[in-house]
Amino acid sequence: MEIDPFIFRFSIFILAIFVGYYVVWSVTPSLHTPLMSVTNAISSVIIVGAIIAALASSSNNIFEISNIFGFLAIVLASVNIFGGFLVTQRMLQMYKKKKKIKK
Amino acid sequence: MISANLSAVFYLISGILFILALRGLSSPETSRQGNLFGILGMIIAITVTFLTVGNFSIAMNYVLLFLLIGGAIGAFIAFKIPMTAMPELVAGFHSLVGLAAVFVAISAFLNPQAFNLGIPGDIKLASLIEMSIGAAVGAITFSGSIIAFLKLRGIMSGSPITFIGQHLFNLILGISIAVLIYFLCSTQSEIFFWGMILISFLIGILLIIPIGGADMPVVISMLNSYSGWAAAGIGFTLENTALIITGALVGSSGAILSYIMCKGMNRSFFSVILGGFGGDSKTSKEDKKDQKPVKSGNAEDAAFLLKNASSVIIVPGYGMAVAQAQHALREMVDVLKKNDTKVSYAVHPVAGRMPGHMNVLLAEANVPYDEVFELDEINNDFANTDVAFVIGANDVTNPVAKTDPQSPIYGMPVLDVEKCKSVLFVKRSLSPGYAGVDNELFYRENTMMLFADAKKMTEDIVKNI
């Protein structure tokens, strides 16, 4: 009896949901906005699929319709990757601790 | 070109780095490092993909070109965007993830060989289902986020748009997606695929239009969650661990945030989704106003009170963001601190238009994060505080939520500002907040209303202290 590889992926998926559940509950509420922007950035790892789609060549034409969708997805995802990580960094830079005030 | 096994290991590593990126956000000190982990994970995932495909033809140049174009746009936005516009920025970014998921699914459908999913017209059943789900959720995320963006940006009114039979209509559309996916799987015909995507776009729009402005924190978190599930759906299609892990992380993250936001409003997730609540608050404005006396003051009175207070708690809300008053507020606090007044900030979970919105704005104005407290941390301190300074918040301070079971906001956790010796309430008028409920606090003995624009009033107070 062989186990369908889907089951393995599904197991990873379910376990990752649990990991996500515990990790996100430990995020401090004051960082919820950066949390949203960083999850945004990392979900753009979908660019992996876009790159495969863009580079796939069944003929000599590199701009077949399926490639074009890949290229478009690359642009969208990279806006998100750069925008998401950079804006998160910009926000996190602003969070400062109280300076010791000496009189 | 590297082997499939090796690349799978690298994808796993980038998945782990993403987990660490979220883990870093447990405290501001570790958060910057966490973000770097995230960036590293992304670089690994992209590099490994290039190496796995191993096609360094002319197409590769275009990939890099488009990546740079997108990257430049993203970087430009990230540096230019004002912090008050974060909610709409995040909504806009969600829509991009959604659309990217749709495009990848379309591409996989048109050219399944590239992804080892079979040939056009004979795609593996499981893959077909996975890519359909990815595309449908992605399309809903896209159009829903666009609507959320328009509402947050103020291009579209924040009032709920409802029509008769709306929920039934949505339900029918939802069922029709399932039916179309069924036909797609049994016939492999393109038409069902396109039809399903179109209907999903439509559902996204219809889902968000009935939801009012005050519920935006839930909507944004929910769309965050959807973008994750869409990514996971595509991850299954591409058999890519990094995508599956990320999708699951983002999906659960958004779901938890939605839950926290709903709890902050004491509303069930379901009732938020059904919508129709709140809006631009035109109800019952006139009828009560004249009956009860309201004490109002000017900047001088407020300055006098603040100067003589030994402790002050500031309660910021969405109005502060609209008026861009956070910097003026910080100046005021600096002056007070020189006066040896103890100042802290109280942030309600649903203050603003997205989770943590107020915290970011205060951080931008150089307010140290250890002076900013959450509802549970600070609520007991109001009783021992001289002055509560409410700036731009409304519903989250309404004592009615504790006393009147008839009120629509009854049971919502609120900040106990009325327990302070005196309350300064900066607001433009006596109009009720987004929930459309009159705030009982306005008529209390110890409340002084300061009718003005939040920024201007704060500046005037600084001048008078």
Side-chain angles (χ1 to χ4, degrees), chain A residues 6 9 12-13 16-17 19-21 23-24 26-33 35-40 42-46 48-56 62 65-66 69-89 91-92 94-98, chain B residues 18-19 22-23 25-26 28 31-32 35 38-39 45 49 53 55 59 63 66-67 70-71 73-75 77-78 86 90 93 96-97 99-101 103-104 106-107 110-111 114 224 227-228 231 234 238 240 242-246 248-250 252-253 256 355-356 359-360 363-364 368-370 374:
Chain A
F6 171 81
R9 285 191 286 276
I12 294 174
F13 178 64
I17 291 179
V19 172
Y21 179 86
V23 169
V24 171
S26 75
V27 171
T28 164
S30 68
L31 291 176
H32 275 162
T33 300
L35 171 68
M36 299 200 83
S37 61
V38 85
T39 49
N40 222 312
I42 64 173
S43 56
S44 307
V45 73
I46 201 158
V48 164
I51 293 173
I52 298 174
L55 288 179
I62 57 164
I65 184 89
S66 69
F69 276 113
F71 284 120
L72 288 176
I74 288 177
V75 176
L76 297 176
S78 55
V79 169
N80 239 327
I81 292 172
F82 282 74
F85 280 124
L86 289 174
V87 87
T88 309
Q89 196 68 15
M91 276 192 273
L92 294 176
M94 301 187 312
Y95 282 80
K96 292 186 197 85
K97 245 197 151 119
K98 189 159 26 186
Chain B
F18 291 151
I19 296 174
L22 299 193
R23 176 73 194 136
L25 290 170
S26 58
S31 61
R32 281 167 282 249
N35 201 36
I39 295 172
T49 310
V53 177
N55 171 2
V63 168
F66 284 116
L67 207 136
I73 299 172
I77 298 173
M86 277 317 290
V90 168
F93 277 171
L96 299 184
V97 181
L99 195 59
F103 284 171
V104 173
I106 291 176
S107 180
L110 295 175
N111 186 6
N224 186 235
S227 70
I234 302 295
L238 308 185
N240 182 307
L243 251 177
I244 295 176
I245 294 178
T246 314
L249 288 178
V250 178
S252 53
S253 160
I256 290 172
N359 304 77
V360 171
E364 189 202 9
Y369 62 82
D370 40 6
E374 303 299 317

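Please read these numbers as outputs of a predicted model, since none were measured by experiment. We name chains A, B, ... by the order of the sequence lines, and we start the count at 1 in each one. Any value given below was found using the heavy atoms of this structure, including those in side chains, with hydrogens, waters and symmetry copies removed.
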Residue part contacting chain A, namely of [X], when any heavy atom lies under 4.5 Å:
X: Glu364(B); answer: both
X: Ile244(B); answer: both
X: Ile234(B); answer: side chain
X: Thr246(B); answer: side chain

Quick one: which of [options] has the most heavy-atom pairs under 4.5 Å with chain A, could you say?
options: Asn240(B), Leu238(B), Val250(B), Leu110(B); result: Val250(B)
options: Ile19(B), Val90(B), Val63(B); result: Val63(B)
options: Asn35(B), Leu99(B), Leu96(B); result: Asn35(B)
options: Ala242(B), Gly228(B), Ala363(B), Gly356(B); result: Ala363(B)
options: Ile73(B), Ile77(B), Asn224(B); result: Asn224(B)
options: Gly71(B), Pro28(B), Ala59(B), Ala45(B); result: Gly71(B)

Which of the residues [options] is involved in the greatest number of heavy-atom pairs with chain B at under 4.5 angstrom?
options: Ala77(A), Ser44(A), Gly84(A), Ser66(A); answer: Ser66(A)
options: Ser30(A), Ala16(A), Ser26(A); answer: Ser30(A)
options: Met94(A), Met91(A), Gln89(A); answer: Met94(A)
options: Leu35(A), Ile17(A), Thr33(A); answer: Thr33(A)
options: Val24(A), Val87(A), Val79(A), Ile65(A); answer: Val79(A)
options: Val38(A), Ile12(A), Ile51(A), Val19(A); answer: Ile51(A)

- Task: May I ask you to test the Glu374(B)-Thr28(A) pair for a side-chain heavy-atom distance under 4.5 Å?
- Result: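 No, side chains not in contact.
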- Message: Contact between Leu72(A) and Phe66(B) at the side-chain level, heavy atoms closer than 4.5 Å - yes or no?
- Response: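 No. Closest side-chain heavy atoms not under 4.5 Å.
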Would you give the length of the straight line joining atom [atom1] of [X] to atom [atom2] of [Y], rounded to the nearest 0.5 angstrom?
X: Leu22(B); Y: Thr39(A); atom1: CG; atom2: OG1; result: 7.0 Å
X: Ile39(B); Y: Leu86(A); atom1: CD1; atom2: CG; result: 6.5 Å
X: Ile42(A); Y: Ser227(B); atom1: CD1; atom2: OG; result: 9.5 Å
X: Asn40(A); Y: Phe93(B); atom1: CG; atom2: CZ; result: 7.0 Å
X: Ile256(B); Y: His32(A); atom1: CD1; atom2: NE2; result: 8.5 Å
X: Met36(A); Y: Leu25(B); atom1: CE; atom2: CG; result: 12.5 Å

Looking only at heavy atoms, what is the nearest atom pair of [X] and [Y], with distance?
X: Ser31(B); Y: Leu31(A); value: CB-CD1, 4.1 Å
X: Phe69(A); Y: Ser107(B); value: CB-CB, 4.1 Å
X: Ala100(B); Y: Leu76(A); value: N-CD1, 3.8 Å
X: Leu249(B); Y: Gly20(A); value: CD2-CA, 3.5 Å
X: Tyr21(A); Y: Ser252(B); value: N-OG, 3.7 Å

- Could you tell me which portion of Ile46(A) (side chain, backbone, both or neither) has an atom closer than 4.5 angstrom to a non-hydrogen atom of chain B?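 For Ile46(A), backbone and side chain are both near chain B.
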